[in-house]
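Remarks on the structure that follows.
Chain letters run A, B, ... following the sequence lines, proteins first, then strands; residues in each count from 1.
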Number of protein chains: 2
Amino acid sequence: MRLVIARCTVDYVGRLSATLPPAVRLVMHKADGCVAVHADGGAYKPLNWMNAPNTLIEDGPVWAVCNPKGETLRITFEEVFVDVAHDCGEDPGLSKDGVEAHLQELLAAHPHAVGDGYTLVRREYPTGIGPVDLLCRDADGNAVAVEIKRRGEIDGVEQLARYVERLNRDPLLRPVRGVLAAQQVRPQARVLASDRGLGWVEVDYDELRGLESDELRLF
Amino acid sequence: MRLVIARCTVDYVGRLSATLPPAVRLVMHKADGCVAVHADGGAYKPLNWMNAPNTLIEDGPVWAVCNPKGETLRITFEEVFVDVAHDCGEDPGLSKDGVEAHLQELLAAHPHAVGDGYTLVRREYPTGIGPVDLLCRDADGNAVAVEIKRRGEIDGVEQLARYVERLNRDPLLRPVRGVLAAQQVRPQARVLASDRGLGWVEVDYDELRGLESDELRLF
DNA sequence: GACTCTATCTCGGTA
DNA sequence: TACCGAGGTAGAGTC
C-alpha cells in the first residue's frame, strides 16, 4: 500500500467523464494495483478510482491508469506532501451477522411470523428464474412464496411477482400466493404489492431472535 | 487527514455486527471526523467505517467511534507502522458529465427529441409508485410518460410499464402512452417494450448538447 | 465470462 | 426528517 498526499488534479474518462480541479487529496495505491483518490471528508466513496486489474504508468508527475475496458484515470501531481509505502500482506477478511441471510434463517425456523399457521416447505425453492427465499403452506394447505428483504421496496415486489407468476404455472403447486416479508416495507412497495395481489408483512428481527434464544433455553 | 498503518482488530456493532481479526490495515481519519479501515486491495469499499457525524475517543491503543444512531466502531491497535497527518483543506468537488440527471435536463428542454411535436407538461410527475421522469403531450395532445435512462434495459421498461399502467387510471389523463428514452436501448429492452405496447427512442447526447449551445449562441 | 442480487450500500434530491 | 431513485454503483455468488 502506497499513500500519497498531494496537491493534484484528476481526470477520469470511461463510463462518464469527471474532472477534479487542483486540491490537496489522498491518493491510495493498493497491492492489487487499484487506485483511489480521497478527499478529506466522506468516509466511504473515493472521489475517483480505478479498480484492478489495470496498468499504472508513472510518467514524472503524472500517473496514467488504464484498464482493459478502455477507461482511464489520469492523476497530475503538483506538490507532494506525504509519500509513504508499507507492505500489509493478505487480509483475513471480515465476518458479518445480521444481514438478509440471517433473517431468512430466522423466518425459516419461524414461518408463523410470516402468517398464522404457515409451515415451511423449503428454503431457496427453485423456480427456473432463480430461487424463491421460502416456500410455505398456509393454514389451508395452499402454497405461499415468501420473498425476504431487510427493506421491502419496489424491486422486491417485482421479484416476488415474477416468482409467483412462474410458480402458478405448476399444476401441482397452484394456487400460489406471494408475501413480501421485511423488517420494513416502504409505502410504494405496499401500493405495488396490493396492485399485484401480493401480500406483505413487517417482521421484527429482534423479536425473532428472542424466540430463537427462548427455544435454546428450553432444549 | 490522519493515516495510520497498523496491525489492528476492528469491531463494528450497529446495523449489523462485524469483526476483523488481527491484520495490517490502513486506518483513515478524515477532517470531518469519519473513520475508514482499508485492506490492501479493493479500491472502493472500506472493510469497516463510520461516517460523520460521530465522536472518536482515543483511549491508549483503542479508538472508540460512536455515532448518534448508537452504532459503534472499535479499533484496537497492536503495532503501528505508519502514523502521518496532513491538513488538506476543503475539496472543491468534482464535476461529472454524462449522467442521467443531465440527460433529463436536456430532454426536458428539448422534448421534440423524444417525439415530433412533443411538449413538456412537467418533470418528475408524481404517481403513487414514484415520479415519472417526464410527462409530455404529443402532437395530438395525448399524454406520454417518458422514462429516461443512460442505457435502456429491461428494468427501465418494467418501470415505465408500471407508471403507464398507473397513470391510465386517471380519467383526466388517459390515454397515456409510454416511451423509453436512452442513449442506447438494448435489444432485450426493445423487444419487451414492443410486447408491452411501449415505445422507445435512442437520443444522441452530443447532438442535444449541440442544440443547447446553439441556443446559447442565439441569445 | 455473463448474469443476478445484496449492501452498515452511499449519495443527492425532494416533499 | 424520511422517503425515493441513481450509481463509473461495488462485490459476492451462481451458472
Side-chain angles (χ1 to χ4, degrees), chain A residues 11-18 34 36-37 41-52 67-73 93-94 96-104 124 126-133 147-156 158-159 162 184-192, chain B residues 10-19 34-37 39 41-52 54 65 67 69-73 93-94 96-104 123-124 126-133 147-151 153-156 159 163 188:
Chain A
D11 291 276
Y12 163 77
V13 178
R15 279 168 281 185
L16 56 63
S17 299
C34 68
V37 181
Y44 197 89
K45 277 188 72 157
L47 294 167
N48 264 318
W49 70 95
M50 183 71 78
N51 282 331
N67 75 4
K69 283 178 254 175
E71 299 169 290
T72 63
L73 185 72
L94 86 168
K96 295 180 178 185
D97 181 23
V99 288
E100 184 189 313
H102 196 199
L103 193 56
Q104 188 188 113
E124 303 288 350
T127 70
I129 53 169
V132 63
D133 289 333
E147 177 63 30
I148 300 169
K149 297 283 179 202
R150 211 160 47 81
R151 301 169 97 169
E153 303 187 15
I154 288 204
D155 280 0
E158 293 284 18
Q159 198 177 341
R162 288 197 297 271
Q184 192 180 38
V185 180
R186 299 308 184 95
Q188 296 194 335
R190 298 179 187 194
V191 172
L192 186 63
Chain B
V10 185
D11 291 276
Y12 164 76
V13 178
R15 281 167 282 185
L16 54 62
S17 300
T19 58
C34 69
V35 177
V37 181
Y44 201 87
K45 270 189 76 154
L47 294 167
N48 266 317
W49 69 95
M50 182 72 74
N51 282 332
N54 64 49
V65 192
N67 74 4
K69 283 178 255 177
E71 300 170 292
T72 62
L73 185 72
L94 86 168
K96 292 183 178 183
D97 188 15
V99 291
E100 184 189 314
H102 196 197
L103 194 55
Q104 190 189 111
R123 288 168 67 176
E124 303 288 349
T127 75
I129 52 170
V132 63
D133 289 331
E147 178 62 31
I148 300 169
K149 296 284 178 201
R150 215 157 42 82
R151 301 169 97 170
E153 303 186 14
I154 293 220
D155 274 4
Q159 198 176 342
Y163 291 144
Q188 294 187 335

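- The side-chain heavy atoms of Asp133(B) and Glu100(B), taken from C-beta on, include a pair separated by under 4.5 Å.
- Remark: P of dA6(D) and NE2 of His102(B) are 18 Å apart, rounded to the nearest angstrom.
- Atom CZ of Arg15(A) is separated from atom C1' of dG8(D) by 4 Å (rounded to the nearest Å).
- Among the heavy atoms of the strands, none lies under 4.0 Å from Lys69(B).
- Atoms CZ (Arg123(B)) and P (dG5(D)) sit 16 Å apart, rounded to a whole Å.
- When all heavy atoms of Tyr44(B) and Asn51(A) are compared, the closest pair comes out as N-OD1, 4.4 Å.
- Residue-level contact check: Pro187(A) touches the backbone only, with heavy atoms under 4.0 Å from sugar-phosphate atoms and none from bases.
- Comparing the same atom, C1', in dT9(D) and in dG5(D) gives a spacing of 12 Å after rounding to whole Å.
- For Gln184(A) and Lys149(A), the side-chain atoms include no donor-acceptor pair closer than 3.5 Å.
- dG11(D) and dG7(D) have their C1' atoms separated by 14 Å, given to the nearest Å.
- Contact annotation for Ile148(B): no contact, since no heavy-atom pair falls under 4.0 Å across all strands.
- Within the structure, every side-chain polar atom (N or O) of Gln104(B) is placed at least 4.0 Å from both OP1 and OP2 of dG5(D).
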